[in-house]
Amino acid sequence: MMMRNDLMGRIFWGMGNLIVMAYALLPVLWIVSLSLKQSSHLNDQRFFPQTISFENYRIIFSDMQFPAALWNSIGIAVISTLLAVTLGMFAAYAIVRLEFPGRRLILAGALATAMFPSVVIIGPIFNMWRTVGLFDTWLGLILPYMTFALPLAIWILSAFFREMPWDLDKAARVDGATPLQAFIWVIVPLAAPAVFTAAILVFIFAWNDFLFAISLTSTNNARTVPAVIAFFTGSSRFELPTGLIAAASVVITVPVMIIVLIFQRLIVAGLTSGAVKG
Amino acid sequence: MAKIELSNVTKQFPDGTVAVSATSFVINDGEFFILVGPSGCGKSTLLHMIVGLEEVSSGEIRLDGKIINHLDPKDRNMAMVFQSYALYPHMNVRQNIAFPLVMAKVPKEEINKRVEETAAVLELSHLLDSKPRNLSGGQRQRVAMGRAIVRNPQAFLLDEPLSNLDARLRNQMRTELARLQRRLGTTTIYVTHDQTEAMTLGDQVAVLNKGVVQQIGTPYELYRQPGNLFVAGFVGSPAMNFFPVQIREGRLFFFLLDLEINYPESIALPSQHDHAIAGIRPEDFDVLFNESEQNQKQAAFNTQVDVVEWLGAEVLIYFQIKINQWPDMPALTRDLNLDKKSGDKLQVTAKLDTSHTFKEGDRIKLTFDMDKLHLFDPKTGKRLTSK
């Protein structure tokens with residue numbers, strides 16, 4: 001009887017996993033398949049390409065705008081992430097550890113900012129950026145990305161800091177560390193899992209954004225990949241750039257997936273175990 | 001080497017609660033000083049103020065004569081062991097112990113040498129490369145001690161360092177701690193809620209309750225001459241038994257025991273009261289089999305054994321007395337569970353030697369030495385002074 005229940009359980013979970021994985025991965029595989037098809041085979045209604053061709057990849061990389069956009073995407077997303085996580089770390093630590101009036105208000109305010117639909121502010125930002133000269137610059141995108149991602153970083157990190165035993169900061173202070181040294185030597189290394197979690201989410205947000213990118217850029221100076229894809233055209237007016245779009249999508253999706261898979265190993269829960277009795 | 005003086009140190013939190021009120025005492029160089037009291041009595045707050053993790057609301061803390069109220073914790077050169085040990089989980093034992101030296105910018109070779117020495121003293125040498133999460137409770141405790149002693153601080157501050165260990169290990173570490181402190185001769189302040197630790201370790205013990213120091217003295221003084229009802233009830237295990245007594249023309253009437261005695265000469269009774277609270281330690285009871293053995297100084301009464309607990313070297317006898325009258329107890333005993341209603345039963349404990357066997361239901365005659373009686377003022381709870 002036990003054996004049978006065990007077997008049923010395994011089948012149940014196996015099937016469940018299979019369904020979820022298919023649901024998540026089929027669209028990705030479909031895009032990969034499209035990107036590897038020759039343009040004449042795009043509508044052949046087959047899942048697997050008959051002949052594998054890297055033509056689409058060659059075309060997008062030979063065009064000047066795609067490599068430029070890739071560079072913009074990487075630079076803008078990385079800088080936004082670094083800024084948001086660094087500022088978020090200081091802010092979250094202060095909110096959790098320091099007694100000052102309005103702590104809760106700041107947290108609530110941060111959440112409210114994150115809830116603000118970005119499409120509402122895109123018009124004013126567009127006008128402001130053109131006036132102050134931030135339109136079509138990296139900084140013009142980094143600022144809104146950082147601002148919109150900061151609440152998320154603060155929330156993730158403050159939740160983590162709150163769980164961290166306060167005795168650790170105190171011990172470091174008694175052991176001769178300044179508040180900043182205690183933060184850098186003891187708190188930051190322990191916060192690594194939360195920092196990576198926040199960093200990944202912020203990076204994905206900045207990397208995938210289309211709205212700000214399409215509205216606040218006009219040239220290869222700052223246009224990111226999601227925005228550039230919208231400007232793809234076929235080789236003639238009768239041809240849809242489906243294959244090129246698929247290839248570009250693969251190029252920007254796969255690195256993110258790899259990064260997440262690598263960092264996932266760093267997000268090790270239980271890194272703090274052993275700090276206090278438990 | 002340090003002498004620590006507190007004068008009128010008070011801690012009031014922003015919400016108005018007074019955690020520590022006007023506390024003054026002196027801890028001499030090399031002394032093992034204990035702060036003991038029930039949880040929430042302000043002893044940890046006091047320790048945090050001494051080490052600089054909490055600000056002092058008013059009063060002064062002096063270290064070798066210099067006021068250190070506003071000195072940053074990192075500049076006080078005091079080492080602290082936390083109840084949770086607070087080991088840095090991402091560092092191995094070596095890095096944990098070395099941390100205070102790294103912060104003090106001690107040269108690398110010197111750090112290595114001192115860490116190795118400290119590890120040897122604490123028998124941690126084979127664990128230097130382990131992470132805290134792979135250590136047992138006792139080993140973690142030792143690492144925390146190592147981190148404290150490696151820098152030769154002016155004082156050790158220990159915040160319930162043994163409370164996370166199991167009973168056997170706790171006894172062992174207690175002895176080790178005492179030996180280590182004696183060897184190093186460093187001024188030590190030790191916070192605990194465990195009166196056994198307080199009595200066995202301390203040169204001086206301060207008993208705290210609700211942020212107020214009740215009494216400071218050697219363990220012997222606290223045990224023999226508790227300054228008030230709280231100290232009397234807190235120090236000693238099993239706890240002291242309390243009986244309300246009436247004072248009638250120079251005699252004490254234990255109405256619950258139906259016993260009247262001449263009050264001991266050593267106690268000065270206040271004339272303004274007609275009753276008092278008498279305390280008898282369980283170990284001061286004796287059992288009497290033969291009436292003729294009773295001497296002049298002893299008082300005797302009959303009772304019936306309710307529960308017998310045999311501990312090996314001694315036996316605990318519990319008996320119950322029906323309460324027909326119980327006075328209001330002083331406020332400072334609130335946490336000692338001394339308030340009774342008439343109709344309740346008073347549980348009394350006697351600790352006897354095991355030369356006789358007892359069983360439940362036995363009728364026995366108990367005696368106590370009148371000289372060992374403690375008498376307390378029924379209003380203030382203060383000890384009625386010895387002559």
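Residue numbers start from 1 in every chain, and the chains themselves are labelled A, B, ... in the order their sequence lines are given, proteins ahead of strands.
Annotation for A:F90: atom CZ does not count as buried by contact number, only 12 or fewer foreign heavy atoms lying within 6.0 Å. A 6.0 Å sphere centred on OH of A:Y23 holds no more than 12 heavy atoms belonging to other residues, nucleotides or ligands. The local environment of CD in B:Q172 is crowded, with over 12 non-hydrogen atoms from other residues, nucleotides or ligands closer than 6.0 Å.
B:H90 places no side-chain N or O within 3.5 Å of a backbone atom of A:I187 that could act as its donor or acceptor partner.
Here the OH atom belonging to B:Y88 is positioned 11.0 Å from the CH2 atom belonging to A:W185, to the nearest 0.5 angstrom. The line from OH of B:Y85 to CG of A:D167 is 12.0 Å long, rounded to the nearest 0.5 Å. Rounding to the nearest 0.5 Å gives a distance of 13.0 Å between CE of B:M80 and CZ of A:R173.
Of the two parts of B:M78, only the backbone, made up of N, CA, C and O, holds a non-hydrogen atom closer than 4.5 Å to a non-hydrogen atom of chain A. When heavy atoms are compared at a cutoff of 4.5 Å, B:A104 does not approach chain A at all. There is no contact between B:R76 and chain A, counting heavy-atom distances below 4.5 Å. Contacts between B:V81 and chain A at a heavy-atom distance below 4.5 Å are absent for every atom of the residue.
The ring pair (Phe, Tyr, Trp, His ring centres under 6.0 Å) test applied to A:W166 returns no partner, not counting sequence neighbours. In terms of the salt bridge (charged side-chain N to carboxylate O under 4.0 Å, His left out) criterion, residue partners of B:R114 (sequence neighbours excluded) are, by chain and number, B:E110. Shown here are the side-chain hydrogen bond (donor to acceptor under 3.5 Å, both in side chains) partners of B:H48, two or more places apart in sequence or in another chain: there are none.
Contacts between residues 174-184 of chain A and chain B, counted as heavy-atom pairs separated by less than 4.5 Å, involve A:V174, A:D175, A:G176, A:A177, A:T178, A:Q181.
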